[in-house]
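The structure appears right after this line, and notes come after that.
Throughout, a chain's letter reflects where its sequence line sits, starting with A, and its residues are numbered from 1.
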Amino acid sequence: MTGLALFNLFILVFMVVAAVISLRVKDLLTASVVFGIYSFLMCLLWAEMGAVDVAFTEAAVGAGVSAVFLVATVFNVKRSSSD
Amino acid sequence: MKKVALAVTLFIGALLLYAAKDFSVWGHLQSPASASPVSKHFIADTGVDTEVPNMVTAVLADYRGFDTMFETVVIFIAGIAIIAILRRTGADADSPAIQRESDVVAEPDLIVTNTVRLLIPVIQLFAFYVLAHGHVSPGGGFQGGVIMGASFILVALAWDLPKALDRLSVDRAIMLAGVGILIYAGIGLFSMLLGGEFLDYAELSHVLPVSREMARYHAMLGVEIGVAFTVTTVMFAIYANLSTRGRLEGGL
């Protein structure tokens, strides 16, 4: 297995873990932060595949601003989810 | 019920994995994305048609300019909708049950504010670079606009929302968002007045002292600036309303 394939596998495994955590965790603030991590891993994957424009957008919008929006919303609702 | 949902999810997941093996190998020359005549045309002719080195921007802002214009409109409408919903429901449904620590008025932290003071010029300069270099390197109006909007959000996070609203009030933000779309559509309409079709930037060479190809190059920067106006202001307006339930006071 080459270095690049190993890198991809590493990121993909972490992405699945981050996705499951952000869905399962009760605390909504944790969920939003982990969702930001998921976006950032997605951005790394786009960059690795050569789609630099998409990676840039994902980093700015996905990992940056939308994480801030989610946190801002969590502060205005109840912290823990019911399920 | 949960077990049924799990079974359905697993079944669909397995189906997707089964379908995924029909995908062509990544980067394969015969994959539909590489083999289509449209891709060949873009790869061969973008540089000749528009003088723009970054193909992605040329496709986004020129070949599919109509699409990108309405993408900008979608962002504008999303901002308006969020504000409209929060102004109506957020202020009324003010349950005192949720006490926030930030309700206690605290002085802005010295270290945080001074770090932000140093960071914001760099962030804004980078936003302008991303915007202006959108057709040469990765980037463009959307990314530059988001970075610019983030710098205003950073002011609101480090100090408080009123300090950020002093610099860019929500009313002015919405007005500037409209101006961004007007810039985009105006360039399209102007090229129509000069005898071309809507968003046919090449016609701008009648008024600009450049060739038809360079007219497309410069017009792309023009529409990206329009996009950046809308994205910057809508991002900040959404944050200002989301963090205060549409009341625009206090903040996080």
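Residue Asp53(A) holds its CG atom at 5.0 Å from OG1 of Thr57(B), rounded to the nearest 0.5 Å. Note that the CG atom of Asn76(A) and the CZ atom of Arg245(B) stand 5.0 Å from one another [nearest 0.5 Å]. Expressed to the nearest 0.5 Å, how far CG of Asn241(B) lies from CZ of Phe69(A) amounts to 10.0 Å.
Top candidate by heavy-atom pairs under 4.5 Å with chain A, chosen from Val130(B), Ile238(B), Asn54(B), is Ile238(B). By number of non-hydrogen pairs under 4.5 angstrom with chain B, the leading residue of Val61(A), Thr57(A), Val74(A) is Thr57(A).
Neither the backbone nor the side chain of Val231(B) comes within less than 4.5 Å of any heavy atom of chain A.
Counting all heavy atoms, side chain and backbone alike, Val146(B) lies closest to Ala60(A) at CG1-O, 3.5 Å.
With Leu242(B) as the partner, the side-chain contact (heavy atoms from CB on, under 4.5 Å) test is satisfied by one option alone out of Val71(A), Leu70(A), Thr73(A): Thr73(A).
Taking 4.5 Å as the limit, every side-chain heavy atom of Tyr239(B) sits out of range of all side-chain heavy atoms of Val65(A).
Counting non-hydrogen atoms of neighbouring residues, nucleotides and ligands closer than 6.0 angstrom, the OH atom of Tyr63(B) exceeds 12 such neighbours. Heavy-atom contacts from other residues, nucleotides or ligands closer than 6.0 Å to CZ of Phe76(B) number more than 12. The neighbour count for Phe14(A) CZ, taken as heavy atoms of other residues, nucleotides or ligands under 6.0 Å away, does not exceed 12. More than 12 heavy atoms of other residues, nucleotides or ligands shown are found within 6.0 angstrom of CZ on Phe142(B).
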- Message: Run the side chain to side chain contact (heavy atoms under 4.5 Å, CB included) test on Ile147(B) and Phe56(A) for me, step by step, so that the C-alpha distance in whole Å, both residues' side-chain angles and the decisive distance to 0.1 Å come before the verdict.
- Response: CA-CA 11 Å; Ile147(B) 295 170; Phe56(A) 202 165; 4.1 Å; yes
